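Keep in mind that this is a model prediction, so the values were computed, not measured.
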Amino acid sequence: MTITAGTPPTHNTPAGLALGFLTGGVIGASLTAFIGGCVVERAPLIVTGLVLPAVYGLLFFLATLPHRAREAAVVPRTALAVIESLEAVGGETSDVPVRFELSVVPDDAPAFRVEIRQDVNLVELSEYRPRGVVVVEYPPDRPWKTRIVMRPTPEWEERAAVARVDSVPGPAMKSETPGGCFSTVLALLGLLLGAAAVLLLFRADLFDSHESKSGAPRPSVSSSSSTTTVTSATGTVTLGPGQSMLDEGELRKAVESLTQGADKRQALTVVVQDRLLTVVFTSTGVKAAAFDPRSLPYERVPGLIEEARTTLGVESPQSWQLTADGVTGSLTLRVMVSGDGGAGTLEADGQGNVLRRNGS
């Protein structure tokens, strides 16, 4: 017997896709406005970059408040369940994420099979094993949100100690159906359109005033192998055919070409692609979360790119991009890889140590 209280949520609904697109647009617009405002010293842009995500978060909270209130009003049901299988899926702290597959057998409702993910303290992990009986709770209308009760009442603890629970046949329902590649592409499209909207609406502030402020044409240095362009706001290095920023010493040389001589400005963002380096500099007198672009862990960059291409589950990776910024207060590196199988992101600290991965 299987439960019929509903089906797990999916990202592929029109509302879910629209929300992903809108969220990407807000992220792109706010980041572009904030960084652009810092570069050209325009307070309206900086305020827009800070206020936009706050307003969006507040509107989202208010819009979903009634739904969350209805969910919170549902009294959870307690039942016994048998562990069909379990697998630790990561963990660098005392709480280890574990994927459980459970057969849940309520006293007064149909039994069902469910797959969940729950953090378990490393000390208590040995208490959970296949065919072990545990106490669980779940909302009757959302059984895919089943949770193992770590500290059950004495009555339920005694029942779990002596009970024999049979397995439930059939596939296990999961807490959420993944959105797939389409939802990821739609979110990225929203991000790009959000950034483009800010550039279009504030083009006078971002470009015209900056050109008049600089009072000089942008210098450009070209050679048969690379092209370097430097302004008071940005610097770019474009390599020639057959070259790559991953070649030994190439990235360091490109960064130093933008920061040579007396130019020791701090950077807001550094973006590295296969043949292109872009550095967004801070403006004089502007206080921002900046860093020295020469402090990048050059020796770790090729390894991070290779690790992102091979460990994020992206099939046939075709392109990569490394972004370095100090928005969080310390230097953070993010490597994004995309291909036929979707996209994935790897995040590392300023020394090149991997912090987290987000596969496709």
Donor-acceptor pair, side chain of T32 and main chain of A29, under 3.5 angstrom: no
CZ-CG distance between R129 and L125, expressed to the nearest 0.5 angstrom: 12.0 Å
Side-chain cluster (under 4.5 Å, hydrophobic types only) that L276 belongs to, other residues: none
Exercise: identify the closest heavy-atom pair between V270 and P293: CG2-CB, 4.1 Å
Where V165 and S103 come nearest, the two heavy atoms and their spacing: CG1-O, 4.2 Å
Residues forming a salt bridge (Lys or Arg N to Asp or Glu O under 4.0 Å) with R151, sequence neighbours excluded: E124
Audit row: V198, L45, side-chain contact (heavy atoms from CB on, under 4.5 Å) steps and yes/no: CA-CA 9 Å; V198 170; L45 278 171; 4.3 Å; yes
4.5 Å side-chain heavy-atom contact, V135 and T78: yes
OG1-CD1 distance between T282 and I35, expressed to the nearest 0.5 angstrom: 12.0 Å
Spacing of CZ belonging to F60 relative to CG belonging to L65, to within rounding of 0.5 Å: 11.5 Å
Hphob cluster co-occupancy, L251 + I305, side-chain heavy atoms under 4.5 angstrom: yes
Any side-chain heavy-atom pair of Y298 and V255 under 4.5 Å: yes
Cluster companions of V51 among Ile, Leu, Val, Met, Phe, Trp, Tyr (side-chain spacing under 4.5 Å): V47, V55, L59
Partners passing side chain to side chain donor-acceptor pair (under 3.5 Å) against T64 (at least two apart in sequence or in another chain): R68
Shortest non-hydrogen contact from A88 toward V96: CB-CG1, 3.9 Å
Donor-acceptor contact below 3.5 Å, side chain D349 vs main chain G352: yes
Sequence neighbours excluded, every pair satisfying side-chain hydrogen bond (donor to acceptor under 3.5 Å, both in side chains) that has a member inside residues 43-59: T23-Y56
R99: partners by salt bridge (Lys or Arg N to Asp or Glu O under 4.0 Å), with sequence neighbours left out: E87, E115
Non-neighbouring partners of D274 that pass side chain to side chain donor-acceptor pair (under 3.5 Å), sequence neighbours left out: S244
Minimum side-chain heavy-atom gap L102-I116 below 4.5 Å: yes
Path from L239 to L246 over hydrophobic side-chain contacts below 4.5 Å: yes
E84: salt bridge (Lys or Arg N to Asp or Glu O under 4.0 Å) partners, not counting sequence neighbours: R113, R131
Closest non-hydrogen atom pair, E306 against T310: O-OG1, 2.9 Å
4.5 Å side-chain heavy-atom contact, L268 and F281: no
side-chain contact (heavy atoms from CB on, under 4.5 Å) between W156 and L80, worked out: CA-CA 8 Å; W156 279 101; L80 295 178; 3.8 Å; yes
Closest non-hydrogen atom pair, P97 against D119: CA-OD1, 3.4 Å
Straight-line distance of D325 CG to L331 CG, nearest 0.5 Å: 7.5 Å
Salt-bridge criterion met for E101 and K174 (N-O under 4.0 Å): no
Ion pair check, K253 and E256, cut-off under 4.0 Å: no
Under the side chain to side chain donor-acceptor pair (under 3.5 Å) test, residues paired with Q318 that sit two or more places apart: D340
Side chain proximity check, V104 to Y138, heavy atoms < 4.5 angstrom: yes
Nearest-0.5 Å distance, CD of residue Q273 to CH2 of residue W320: 7.5 Å
Pair R275-E250, salt bridge (charged side-chain N to carboxylate O under 4.0 Å, His left out): steps then yes or no: CA-CA 10 Å; R275 293 171 52 198; E250 198 64 56; over 6 Å; no
Pairing residues for E347 by the side chain to side chain donor-acceptor pair (under 3.5 Å) criterion, not counting sequence neighbours: R356
Spacing of CZ belonging to R147 relative to CZ belonging to F100, to within rounding of 0.5 Å: 9.5 Å
Note, V354 side chain near L304 side chain (heavy atom, < 4.5 Å): yes
Same apolar cluster: L258 and V271, side chain cutoff 4.5 Å: no
Any F112 side-chain heavy atom under 4.5 Å of T146 side chain: yes
Side chain to side chain, T345 and L312, heavy atoms closer than 4.5 Å: no
Audit row: T227, T238, side chain to side chain donor-acceptor pair (under 3.5 Å) steps and yes/no: CA-CA 5 Å; T227 301; T238 304; 5.8 Å; no
Side chains of S338 and S319, donor plus acceptor under 3.5 Å: yes
Pairwise salt bridge (charged side-chain N to carboxylate O under 4.0 Å, His left out) hits with a residue in residues 156-170, at least two apart: D107-R159
ILVMFWY clustering at 4.5 Å (side-chain atoms), partners of M336: L188
V337 to P317 - nearest heavy-atom pair and separation: CG1-CB, 3.5 Å
